[in-house]
Protein chains: 2
Amino acid sequence: MSASARPQRIRSRLSPDERISKILATTRIMLSEKGYEHLFTAEIAERCGISEATIFKYFQTKRELLTRVVEQWFEELNTEKTAPAKQSVRQQLKQLIWENFATIRREPALSRFVLMELRADPAYKSMYIYQLNRQYNSRILRLLKEAIASGKFRGDVPVRLLMNIIYGAMEHETWAFLRGEGNFDAEAAANGIAEVIYRGMLKPSASAKRKQPVSDNAASAAADKEMPAASSRKPRTVNRTAATPAKRKKSA
Amino acid sequence: MSASARPQRIRSRLSPDERISKILATTRIMLSEKGYEHLFTAEIAERCGISEATIFKYFQTKRELLTRVVEQWFEELNTEKTAPAKQSVRQQLKQLIWENFATIRREPALSRFVLMELRADPAYKSMYIYQLNRQYNSRILRLLKEAIASGKFRGDVPVRLLMNIIYGAMEHETWAFLRGEGNFDAEAAANGIAEVIYRGMLKPSASAKRKQPVSDNAASAAADKEMPAASSRKPRTVNRTAATPAKRKKSA
DNA sequence: GACAGTTAATAAGTTAAACTCACTTATGAA
DNA sequence: TTCATAAGTGAGTTTAACTTATTAACTGTC
């Protein structure tokens, strides 16, 4: 076999931007497939059809590469705005929580990486991903602030605490799923969380409208209209990526 | 200097139990000092005055060693029971949450390890630490169940969800601290979480006792009486330690 | 269409830290 | 005193992230 056997190095030689895109895209797919702890730079390189050294030409560390992947993901998420749909606060809250669950379900590996690795990073708050995360959370934040400002919600609980309750609850509802223990009921969970928060925050005076029907199924399906503008707050002076390398990185 | 210079190998040669105890104790101290990502088996060995190989004689992996450390910690925590103090549900809830915060503050590094590493382990639910964690949580769980059973709390929200809300909230309130960004206000956070949960769960009918004074400071200081027995549920068929090695562990 | 300068890409390393194994030696029982 | 047992270790191996010296693909110039 092999008539004209020339090993012929058909090296592709892309522009940095193209190469970086390709590495990021491949990494994202592989991260979803294998999960963080089973993802190796050597394999990423192989799948990209390049050498490992090339990856490290464009990314200082493996961690930086993964962080960039997650940043891209969040940028996507922050683009696809959903409808603010004139609903009750109660329904909006549930809807936003449900959407958050949907995001986690769509990308378990990426979510896991954020929760496990990035959030615990000592430099987290100075990372770009922190800003992106804030932006992602801003819809719920705005809803809560408005509900308080308008007098529907009580003013004696800090919004920050409310956010922590809501996001903490979502994460906890989600851990078994992220561990690979099967699906979770986003509908029920979103409803439950929204319910407790809503009832816990409703102003006593506002309970003229007594005994609302607590059930509220359906209303899932993520809508996709535009939102005014409002949330185009730019990251302040934040390192794009660049956090603690934490691992190795000798001779810095 | 050095009159009778004899290198003299004063090898200690302890019994397995003693050696294991010493390694565990040393590891716990070092984990608190350095944190998980900067803790190396070589250093642990050095501080124990033994060779690295000895550590691996008694612990299959570094992860197993750390897991054992955390198990011991939880066993301690589950022993030091605090007073059930006949207080209102609202006050008990706050108190228990506050105690949980106090535990995290006392051992940030151990807490971080549990939250970051163990909880995300695919085998988490079959690990001994999962049982210990359940036992640790059982006080809040019991409180909630009783509040529901007695009719004080509504019955339309699953206790599991309530637990997730409470523990999720605590974790989120705690992350900045665990990242090393300074202290947190356990008093305020415990009060806020208890407040939202309590109001969110209170049965409408029970609001005859209208407008309770919401403030409720002090009441911190962990008491330390005994509790009946009640929570001596044995771990079912659960591996002591033994989870996914996840890293290395070749030629298994 | 040869030449040179630039820079994408890589082969062949190095390093760190978890883990292994063949061997050594303290100890206690006979 | 001897010897079996098992605690302990020195000197590895392995793996996967990261480095560096070098090669060669492309670009513009004449």
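Everything numeric in this text was worked out from a predicted model, so none of it was measured. Here is how names work: the chains are called A, B, and so on, in the same order as the sequence lines, proteins then strands, and each is numbered from 1.
- Straight-line distance from the CD1 atom of B:I44 to the P atom of C:dC19: 11 Å, rounded to whole Å.
- Rounded to an integer number of Å, the gap from CD of A:E46 to C1' of D:dA16 is 14 Å.
- With sequence neighbours excluded, the residues forming a salt bridge (charged side-chain N to carboxylate O under 4.0 Å, His left out) with A:K34 are A:E43, listed by chain and number.
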>> Pair B:R119, A:E171 - check salt bridge (charged side-chain N to carboxylate O under 4.0 Å, His left out), show working.
In response: CA-CA 12 Å; B:R119 188 186 40 186; A:E171 271 172 48; 5.2 Å; no

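- In this structure, CG of B:L65 is placed 15 Å from C1' of C:dA17, rounded to the nearest angstrom.
- For A:Y167, the ring-ring contact (aromatic ring centres under 6.0 Å, His included) criterion is met by no residue, not counting sequence neighbours.
- Rounding to whole angstrom units, CZ of residue B:F59 and C1' of C:dT20 are separated by 18 Å.
- Every ring-ring contact (aromatic ring centres under 6.0 Å, His included) that A:Y130 has, sequence neighbours left out, goes to A:Y124.
- A:Y58 comes within 4.0 angstrom of the backbone, heavy atoms only, and of no base.
- Contact between the side-chain N/O atoms of A:K57 and the OP1/OP2 oxygens of C:dA9 is not found at any separation under 4.0 Å.
- Under the rule for a salt bridge (charged side-chain N to carboxylate O under 4.0 Å, His left out), the partners of A:R28 that lie at least two apart in sequence or sit in another chain are A:E76, A:E107.
- One can place CE of A:M30 at 13 Å from P of D:dA16, the figure rounded to the nearest angstrom.
- In this entry the distance linking CD of B:E18 with P of D:dA6 reads 16 Å, nearest Å.
- Proximity of residues 49-56 of chain A to DNA chain C (heavy atom under 4.0 angstrom from any strand atom) is restricted to A:G49, A:I50, A:S51, A:A53, A:T54.
- In terms of heavy atoms, A:S111 sits closest to A:T103 at OG-O, 4.4 Å.
- Remark: A:F59 pairs with no residue by the ring-ring contact (aromatic ring centres under 6.0 Å, His included) rule, at least two apart or across chains.
- Between the CG atom of B:L39 and the P atom of C:dC19 there is a distance of 12 Å, given to the nearest Å.
- In this structure, A:R13 does not reach the C:dT7 phosphate: none of its side-chain N or O atoms is under 4.0 Å from OP1 or OP2.
- One interatomic measurement links the two molecules: NE2 of B:H38 to P of C:dA17, which rounds to 11 Å at whole-angstrom precision.
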